[in-house]
Chemist: 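Here's a structure for you.
Computed over heavy atoms, backbone and side chain alike; hydrogens, waters and symmetry mates excluded.
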Amino acid sequence: MRHGRFQPLYLWTLLLLLTGGTMTAADQAGPATGQTRPTGFSAATWSWEQEFEAKLNAEVRADSCRDHLRFLTDRPHVAGTPGNFRVSQYIFDRFREYGLETEFFEYEVLLAYPEEIRVEIVAPERVELARPEPVDPRDPHTDVGADPVAHLPWNAYAANADLEAPVVYANYGRPEDFSRLGEMGVEVKGKIVLLRYFQGYRGGKSFEAEQRGVAGILVYSDPMEDGYFQGDAWPEGPWGPLGHFQRGANVYDFLIPGDPLTPGWASTPEARRIALEESRILPRIPMVPLSARDAEEILRRLRGPAVPKGWQGALPLTYHVGDGSLRVHLLNKQRRVPTKIRNVIGKIRGRDFPDEVVLLSNHHDAWVYGAVDPASGTASMLELARVLGQLAQEDYGPRRTLVFGSWDAEEYTLTGSTEWGEQFAEELRQGAIACLNVDASTSGPDFSIGASPLLRRLVIEATQAVADPQTGQPVYERWVQAGADASVRSYVTAGGVAAGPTIGRLGSGSDYTVFFNYLGIPSLDMIFDGPYGVYHSVYDNFYWMEHFGDPGFRFHAAMTRLWGVMAVRLANADLLPFDPAAYAEAINTYVEELKGETTPEFFARHLAPIQAEARSLGEAARRAESHWQDWLAQPKAHRDSLAQANHRLREFERNLTHADGLPERPWFKHLLYAPLPSYQALTLPGITEALARKDLDAAAEEARRVLEAVQKARETLEEIR
Ligand SMILES: [Zn+2]
C-alpha cells in the first residue's frame, strides 16, 4: 500500500437509494438478522444466502487473525528474500489445509536491494546521517540486526550515485513547490533537494525532481504529518517516533506497473526482456529516505530565506530553503537483480458457474514486518479462506468461483498481481466478476473505501450486514456518520445535494490496478483506517498492532466478515448486484468537473454530449432494473434472461476501456480513471491531460472515445431484455 490512496480531493458521494435497510446486529460477532433482501437475489436464493452469511459471520474468529498476524510478522519479509518465501509457503500450506485448490505462480522480475547507503553533511561541519531506526527493549522486534535490507534507509530502484552537492528544502516536491522556488530565484538544478513525505507518492516526487535537473533527493518524515504533531508517538502512541523512516519503492509505475523489463506482458521464463536502459519507469536520480531526527540536522543548519507560508513543518526550528553553504555527501548503492517471486492462488470452485470468478486480492511482501501493510490484510484473507473452505465442505459452496490472490512484490511495482493479470488477461476478461482488494485490513476503526461506481450498492448493503465491533451497530452507520462529520467535502451533483457515505475514486498504489485499469474489471479497495504513523518502518509490527492498531483483533475479524459478505453475494446472486445507474451519475459528475478547464464552446460541442449520453445510460439502467425485479420474482421462468443479463453486466465495465489505452500510457486502458503521479485518481484522464496541454484537437478526440464507450455501455444494457 502507498499512502494517500484516497486522500481524495476526488470524491463522489452517494445517494441513499435504500429504504428500510436497517438491521440490528445481534451481538458484536455480527450475525445479521432481519435484513432487507439485497440487490440481485430472488426470495429462494436469499433464504439460502442468509443461512450462508449467518454461518460466515458466526464462524470468523479474532484470535485466529491474531495468530496469523503473529506468524506473518515474526521476521522481515521483503520480496525475493528467504523471509518472504517463508511467508508465501505459510499461505500456501494454510490454503491447502483449508481445502482450497492451491498453486504457486512464479515469475522472474527485476527487483532491487541496498548494498551501501551513506548520507552525511560535509559542510559547514561533518555530521553522519542515515542512521538506523532506534532499538527499544520493550519491543525486541525493533532490533533487526545488521541485515542491510532491513536496517538501512533506502528507496527501492533509486538510481545509484555517489555525489556531493548543496541542499535546497523544497517542501513536498510538488510541481507548485518547485514553481515557488523558481519565483524566489532558488535554483534546484544540480542540487540535492530535501523533501517531506505526504501530498503525493514518492515516485511522483522523484519524477518531478528529475525533470528539473535535481541531482539527488532526501525524503523525510516530518512530525507534522506522521509524528508527535498528530498525537502521541511510539511507544506511547500510534504515531511515528523521531527516529523512524519510511522505506518504499521509487519508481514511475503510474506510467506502467509491473516488472520494469516486461512492460505489458508476463515475466514468464521464455518472455522477452527489454534492456534496463529502455525502461520508462526506473528513476535516473538517487533518493534516500531520512528520519525526522536526521532531517533536523540538515534543517537546523540550512540558511538563506525563511520558507514560504505553508512550508514550515513541526520540527522546533524555523525552516529555511538554503543558501548553498550546506553541502551533503549522498551515496546510494543498490543492485537491481532478476529475482524469483511467487504468488499464491487458492480457489474454491463455483458449483453453478465455475467459469465466473470473484477475485479476493491482497499482497504478502512487506518492507520490514508489515503488520498493517500488508499482513493485517493477509491475516483477514487467511481467516476468510479457512471459514469459506470449511463452509464449502458443509454444503455451503459458492455458486461462482472464488479466487484468493496472494500477491508477491506489490511493494516494488505492483509486480506479482500485474504479471499474473497480464498472463491470464483473456480468461479474466471473459470470466472475472469483480476484484475485492484489501491491501491492509486494519490500522484503526474507521471504514474507508474506494470503488468502481458499479459496486456502490453492493458496498452499501454489505456494510449494513456486518457489525462494527465497538458500537455493535452496522459498519454502515459509523461510516455515514464519519461522512457527515466531514460534510465540507460533500458537493452538489447535477441531481441535487448528495448525502450518504463517501466512496473514493480508485487511483493506484495497490494490486487492483491491473484488474481495474488494464482489464476493466470492477474493483474496490477497503480498510479500517486510523492513526498510523509508522508506515513502512520497523515499528509497523506486531507490537504496534497489539498496542494501538487493533488490540483485540476485532476489526481484523470485522474486515474478514465484510470481505466475505461482499464476495459471497457476488458469487451467489441470481443477478449480479451491479449499479449501472450509479455509473451514469458518476460520469455526469466527472464531466461537470471539467467545466472550469475549458471554454463554454468546447464544453457544449464535445463534453455536453457525454453528459447527454450518461443521462440516457441512467434511463436505460432504470428501465432494465424494472425488468430485473420481475425476473427475480420468478427466477425459474426467467432463467435464460437472468443468464443473459449477467453476461451483459459482466461486460459493462469492460465497455469503458479501449484496447489502445490512453495516449501517453497505452497500458492504462480504462477511459474514465487513471492514476496521477501522486497516485490520486484522475478522472477522464485522456480529456483532462489534453486540456492541460491546451491541445484541443486531442481533447476532442478523447471526448469522442469516451462518448463511444458510454454509448456502448448503454447499448449493452439495452440488449438485456
Ligand atoms: Zn501494501
Chemist: Ignoring hydrogens and geometry beyond distance, is a side-chain donor-acceptor pair present between Asp525 and Ser510 at under 3.5 Å?
Modeler: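 There is no such pair between these side chains.
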Chemist: Who are the side-chain contact (heavy atoms from CB on, under 4.5 Å) partners of Glu59, not counting sequence neighbours?
Modeler: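 Result, side-chain contact (heavy atoms from CB on, under 4.5 Å) vs Glu59: Arg386, Val387, Gln390.
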Chemist: Would Phe404 and Tyr98 count as a close aromatic pair, with their ring centres under 6.0 Å?
Modeler: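 Not close enough - the centres of the two rings lie 6.0 Å or further apart.
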Chemist: Would Arg665 and Phe668 count as a cation-pi pair here, with the cationic atom under 6.0 angstrom from the ring centre and within 45° of the axis?
Modeler: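 Cation-pi check for Arg665 and Phe668: passes.
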Chemist: Would you please say whether a donor-acceptor pair under 3.5 Å links the side chains of Glu477 and Thr471?
Modeler: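 On atom types as modelled, these side chains do not qualify, holding no pair under 3.5 Å.
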Chemist: Could you tell me which non-hydrogen atom of Ala434 sits nearest to which non-hydrogen atom of Leu455, and how far apart they are?
Modeler: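 Looks like CB-CD2, 4.4 Å.
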Chemist: Excluding sequence neighbours, so at least two apart, what forms ring pair (Phe, Tyr, Trp, His ring centres under 6.0 Å) with Phe602?
Modeler: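 Phe602: ring pair (Phe, Tyr, Trp, His ring centres under 6.0 Å) contacts with His606.
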Chemist: Please determine, by modelled atom types, if Glu383 and Trp563 share a side-chain donor-acceptor pair under 3.5 angstrom.
Modeler: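 No, because no side-chain N or O of Glu383 sits under 3.5 Å from a partner of the opposite role on Trp563.
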Chemist: Tyr583: what forms a ring pair (Phe, Tyr, Trp, His ring centres under 6.0 Å) with it, not counting sequence neighbours?
Modeler: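 In terms of ring pair (Phe, Tyr, Trp, His ring centres under 6.0 Å), with neighbours along the sequence ignored, Tyr583 is linked to Phe652.
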Chemist: Considering residues at least two apart in sequence or located in another chain, which fulfil the side chain to side chain donor-acceptor pair (under 3.5 Å) criterion with Thr401?
Modeler: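 So Thr401 forms no side chain to side chain donor-acceptor pair (under 3.5 Å) with any residue.
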Chemist: Looking at Glu356 and Arg400, is there a salt bridge between them, counting it only when a charged N and a carboxylate O are closer than 4.0 Å?
Modeler: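 Answer for the salt bridge query: yes.
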Chemist: Any pair with a residue in residues 441-467 that passes ring-ring contact (aromatic ring centres under 6.0 Å, His included), sequence neighbours left out, goes on the list, sorted by first then second residue, please.
Modeler: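 Passing the test, one end in residues 441-467: Phe447-Trp479, Phe447-Phe528.
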Chemist: Suppose we screen for salt bridge (Lys or Arg N to Asp or Glu O under 4.0 Å). Which residues come up paired with Asp660, at least two apart in sequence or across chains?
Modeler: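 Testing Asp660 for salt bridge (Lys or Arg N to Asp or Glu O under 4.0 Å), a comparison that skips the adjacent residues, returns none.
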Chemist: Have Ser361 and Asp511 got a donor and an acceptor in their side chains that come within less than 3.5 Å?
Modeler: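 No.
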